[in-house]
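Read through the structure below, which is laid out as structure tokens, and then see the notes.
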Amino acid sequence: MKSVAEILKEIRPEFDFTASSDFITDGMLDSFDMVTLVATLDKNFGISIQGTDIVPENFQNLQTIEALLRKSGVQL
Amino acid sequence: MIQFRKVDEVFDAIQKTKAKASDFRTNFFPVPAKLQNWIERDELLGEVRDGATFFFRKDRDFFRFYFCAGSLEKLESEILTLSFLKNGSVATDLVGNETAVAEMCAPLEAAGFSRYAQLQRMARPAQTGGLAVSNLPVVFAEKADAPTVLELIENAFDRFGEQLPALYEIEAAISNRQIFVVKRDGKIAGLLFFETQGFNSIVRFWAVAEKFRALKIGSALMQHYFKTQNAVRRFTLWVNAANENAIQKYKHYGYAPDGLIDCVLANKMIRT
């Protein structure tokens with residue numbers, strides 16, 4: 001199973017996600033990328049992230065994405 | 001139909017729909033500043049239903065349609081109650097990968113929409129060196145250029161298929177130094193309208209006036225744009241998937257499709 005950082009690196013190889021605390025403000029993820037990321041996270045972790053959770057606050061940085069995964073039932 | 005008077009009213013309506021959602025569906029990703037502009041200009045109307053909220057935004061001579069629904073089933077049933085879709089000129093769009101878009105297309109088609117155009121997103125990683133530099137002078141558009149910029153964009157792009165800016169948005173973009181132009185004899189021969197946020201930059205519009213084509217003005221604009229966006233790591237844009245000529249040009253500059261599509265639908269009042 002891939003880590004969140006690895007998945008992000010696959011989706012956007014041009015960015016160093018470990019060096020940013022706000023992916024949205026830094027222009028590294030937009031609302032459309034969130035849709036792609038959610039589909040990849042669902043597949044990778046065998047979960048179904050709720051539509052109500054697809055909001056920028058949950059995709060701001062690695063910690064918030066991992067918190068979202070935990071909320072969706074993933075044990076990290 | 002209700003008229004939204006405050007940004008908070010819009011977010012409250014969305015939140016109420018979300019609160020009851022079992023499988024939330026939307027094509028509405030509002031940015032507060034943009035919402036504020038629409039509300040100030042009385043452009044945003046809506047219909048609140050049980051388990052779904054619908055928005056209509058005035059754009060030139062038609063409306064753009066957005067929805068928030070608690071589930072696909074709610075979208076399917078509640079959209080059929082909107083009488084405005086039968087009488088007004090309305091366009092909408094769905095963004096996602098092919099599968100996600102196809103799933104949400106069905107209820108819209110049942111409500112009278114048909115596919116009108118498809119846009120595809122293209123992306124380009126930052127590259128170092130290798131780009132030629134043109135001798136043509138490229139400058140930022142000035143405030144007085146706004147009407148001409150709007151005219152060129154409206155002539156070059158389809159108002160239903162692509163979300164064209166209003167004059168006030170062009171004026172704001174000029175003030176924020178987001179529009180490059182090449183001028184010939186004092187007239188705007190070509191423009192490149194872009195938005196850069198952090199490490200990402202999107203080309204919103206790139207156009208050369210018909211009588212100035214084949215003079216390498218488009219190349220000069222694109223080269224200047226790349227040269228000035230030093231901190232950007234990722235360049236993106238949306239292009240009409242049927243515009244093979246534009247796609248080839250973007251590929252020439254290193255852009256490639258990234259799998260995201262924008263399916264534009266229009267009701268029969270637009271198609272006829």
Side-chain angles (χ1 to χ4, degrees), chain A residues 2 4-65 67-69 71-74, chain B residues 11 14-32 68-72 74-75 93-101 103-104 119-121 123-128 194-202 229 231-236 238 254 258-262:
Chain A
K2 293 170 189 162
V4 175
E6 285 168 337
I7 290 170
L8 286 167
K9 193 73 190 165
E10 278 182 11
I11 293 175
R12 296 282 160 256
E14 59 274 34
F15 295 135
D16 178 4
F17 286 93
T18 59
S20 171
S21 60
D22 192 338
F23 302 158
I24 312 297
T25 304
D26 287 345
M28 297 160 82
L29 288 181
D30 59 26
S31 55
F32 307 125
D33 295 325
M34 281 189 258
V35 175
T36 309
L37 178 59
V38 166
T40 312
L41 292 171
D42 281 356
K43 198 172 167 189
N44 186 69
F45 293 102
I47 54 169
S48 177
I49 294 171
Q50 293 292 302
T52 45
D53 287 328
I54 307 173
V55 291
E57 306 88 272
N58 287 335
F59 296 90
Q60 217 161 20
N61 53 49
L62 287 172
Q63 290 72 37
T64 59
I65 296 173
L68 172 64
L69 290 175
K71 183 184 169 195
S72 306
V74 178
Chain B
F11 284 109
I14 296 171
Q15 204 46 47
K16 277 178 188 158
T17 304
K18 272 185 178 175
K20 292 182 185 173
S22 57
D23 177 22
F24 187 68
R25 303 288 177 139
T26 189
N27 69 342
F28 197 38
F29 304 98
V31 176
C68 296
S71 66
L72 207 52
K74 273 287 173 193
L75 176 62
D93 62 342
L94 299 169
V95 177
N97 60 29
E98 292 275 1
T99 315
V101 165
E103 199 176 32
M104 282 198 287
L119 311 184
Q120 66 180 42
R121 193 168 72 172
R124 170 194 189 272
Q127 296 165 6
T128 49
F194 66 99
E195 286 172 4
T196 296
Q197 183 179 358
F199 299 121
N200 192 71
S201 185
I202 180 167
Q229 305 305 300
V232 170
R233 306 268 181 80
R234 179 171 174 248
F235 295 89
T236 56
W238 288 92
D258 74 353
L260 207 58
I261 62 165
D262 180 353

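The model shown is predicted, which means the values in this text are computed figures rather than measured ones.
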**Message:** Please classify the contact of B/R25 with chain A as side chain, backbone, both or neither, using a heavy-atom distance under 4.5 Å.
**Reply:** neither

**Asked** Given a strict heavy-atom distance threshold of 4.5 Å, which part of B/D262 is in contact with chain A: side chain, backbone, both, or neither?
**Response** neither

**Request:** May I have the step-by-step check of side chain to side chain contact (heavy atoms under 4.5 Å, CB included) for A/T36 and B/L260, ending in yes or no?
**Result:** CA-CA 8 Å; A/T36 309; B/L260 207 58; 4.1 Å; yes

**Request:** Heavy-atom distances under 4.5 Å only: say whether B/T17 touches chain A with side chain, backbone, both or neither.
**Result:** neither

**Asked** Could you give the distance from OG1 (B/T26) to CD1 (A/I54), rounded to the nearest 0.5 Å?
**Response** 10.5 Å

**Request:** Working to the nearest 0.5 Å, report the span between CZ of B/F199 and CG of A/D16.
**Result:** 9.0 Å

**Request:** Inspect the contact between B/K18 and A/D53 and indicate whether a charged nitrogen and a carboxylate oxygen are less than 4.0 angstrom apart.
**Result:** no

**Message:** Rounded to the nearest 0.5 Å, what separates atom CG in A/D26 from atom CD in B/Q197?
**Reply:** 8.5 Å

**Item:** Side chain / backbone / both / neither for A/I24 at chain B, heavy atoms under 4.5 Å
**Value:** backbone

**Asked** Would A/E14 and B/N200 satisfy side chain to side chain contact (heavy atoms under 4.5 Å, CB included), going step by step from the backbone distance to the final call?
**Response** CA-CA 10 Å; A/E14 59 274 34; B/N200 192 71; over 6 Å; no

**Request:** Before accepting this row, confirm whether a basic side-chain N of the pair B/R234/A/D33 lies closer than 4.0 Å to the acidic partner's carboxylate O.
**Result:** yes

**Message:** Report which part of A/D22 has an atom under 4.5 Å of a heavy atom belonging to chain B: side chain, backbone, both, or neither.
**Reply:** neither

